[in-house]
There are 2 protein chains.
Amino acid sequence: MSVESARARTLSHVDPAEVPLQAALDALADPVRRSILRDLAVHDDWTRACGTFDLPVKKATASHHFAVLRAAGLIEQRDEGARRLNRLRREEFTNAFPGLLAATIDRAD
Amino acid sequence: MSVESARARTLSHVDPAEVPLQAALDALADPVRRSILRDLAVHDDWTRACGTFDLPVKKATASHHFAVLRAAGLIEQRDEGARRLNRLRREEFTNAFPGLLAATIDRAD
DNA sequence: CATGGTGTTCGATCCCTGTCGTACAGTTGT
DNA sequence: ACAACTGTACGACAGGGATCGAACACCATG
């Protein structure tokens, strides 16, 4: 088709400043999601596709977690071919919730 | 009885440093509990008994929330007569989880 | 002692969410 | 065209936690 593929090429990304504190805390209160965030915090680039994380859940569940993180303004996602790449929105999220992300991921569980 | 009353006069208080991050986040991820913490953050004393908080839940539920906050190392409780007084463990908790408490209560929901 | 006030404990209920299997869509490569 | 790979969508399920009523324990005060 001429216009756009059926798959959303530009995913909806909220402004972290618009995210309710409740949603932010809910997103951070899951160990699988914190694991994802810690992995993303290592390098500030677009090198990590969803499938490259070693998670203790099946892919359907992992997909759900990525969606929650995106809705909470914690990650940004971009499609590149068949893969969906991820980036930690450290700056934006920290502006909206100073200290929260650092306090959560700069620590073992 | 000679030794102690049946009611626990000295309540069990954990060291915040021993609290798992998961428990801390779970405790903070509830709006009723955050409301309690914000109220306690106003004055650093023992002026607030459990019943003096204006909460949208019944007392059985409120009692449960206070227990969760105590188990997470967020508050300290002391019995004074028929009442149970509360204090925010700001310093101790912040030492264990730098920035987490501030990021959570220094903000409207 | 009797009454009222404060707070906990115990079941029971309800709802939310994390989990998974399956099916599907889109991409890549043969 | 076909197969393999990546990720999402949907329905179903189970576990946990928030909520409540009722009963109980403790304290204070008449």
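If you're wondering where the values come from, they're calculated on a predicted model, not measured in any experiment.
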Taking the side chain of [X] as its heavy atoms from C-beta onward, which of [options] lies nearest to it?
{"X": "Ser63(B)", "options": "dT19(D), dT9(C), dG7(D)", "value": "dT9(C)"}
{"X": "Arg33(B)", "options": "dT19(D), dG7(C), dA18(D)", "value": "dA18(D)"}
{"X": "Val57(A)", "options": "dT19(C), dT19(D), dA23(D)", "value": "dT19(C)"}
{"X": "His65(B)", "options": "dA18(D), dG7(D), dT27(C)", "value": "dA18(D)"}

Rounded to whole Å, please give me the gap between [atom1] in [X] and [atom2] in [N].
{"X": "Phe66(A)", "N": "dT6(D)", "atom1": "CZ", "atom2": "C1'", "answer": "12 Å"}
{"X": "Arg78(A)", "N": "dT27(C)", "atom1": "CZ", "atom2": "P", "answer": "15 Å"}
{"X": "Arg70(A)", "N": "dG7(D)", "atom1": "CZ", "atom2": "P", "answer": "13 Å"}
{"X": "Lys59(B)", "N": "dC10(C)", "atom1": "NZ", "atom2": "P", "answer": "16 Å"}
{"X": "Glu80(A)", "N": "dC5(D)", "atom1": "CD", "atom2": "C1'", "answer": "16 Å"}
{"X": "Asp26(A)", "N": "dA18(D)", "atom1": "CG", "atom2": "P", "answer": "11 Å"}
{"X": "Leu11(B)", "N": "dT8(C)", "atom1": "CG", "atom2": "C1'", "answer": "11 Å"}
{"X": "Gln77(A)", "N": "dG26(C)", "atom1": "CD", "atom2": "P", "answer": "18 Å"}

Categorize [X] for me: base, sugar-phosphate, or nothing, with a 4.0 angstrom heavy-atom threshold over every strand shown.
{"X": "Asp30(A)", "value": "sugar-phosphate"}
{"X": "His64(A)", "value": "base"}
{"X": "Lys58(A)", "value": "sugar-phosphate"}
{"X": "Ala67(A)", "value": "nothing"}
{"X": "Ala62(B)", "value": "nothing"}

Any donor-acceptor N/O pair, Arg87(A) side chain to Glu76(A) backbone, under 3.5 Å |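 Judged by distance alone, no pair lies under 3.5 Å.
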
Check: Asn95(B)/Glu91(B) side-chain N/O donor and acceptor closer than 3.5 Å =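 No.
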
Respond yes when some side-chain nitrogen or oxygen of [X] is under 4.0 Å from OP1 or OP2 of [N], and no when none is.
{"X": "Thr61(B)", "N": "dC20(D)", "answer": "yes"}
{"X": "Arg83(A)", "N": "dT28(C)", "answer": "no"}
{"X": "Arg84(A)", "N": "dT27(C)", "answer": "no"}

Pair Arg78(B) + Glu80(B), salt bridge at N-O below 4.0 Å =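 Counted as a salt bridge, because a side-chain N and a carboxylate O are separated by less than 4.0 Å.
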
Report yes or no: is the cationic atom of Arg84(A) (NZ for Lys, CZ for Arg) closer than 6.0 Å to the six-membered ring centre of Phe66(A), at no more than 45° off its axis?
->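 No, a cation-pi geometry is absent between Arg84(A) and Phe66(A).
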
Among Asp109(A), Asp106(A), Asp54(A), which residue meets the salt bridge (charged side-chain N to carboxylate O under 4.0 Å, His left out) test with Arg38(A)?
->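 The residue from Asp109(A), Asp106(A), Asp54(A) that satisfies salt bridge (charged side-chain N to carboxylate O under 4.0 Å, His left out) with Arg38(A) turns out to be Asp109(A).
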
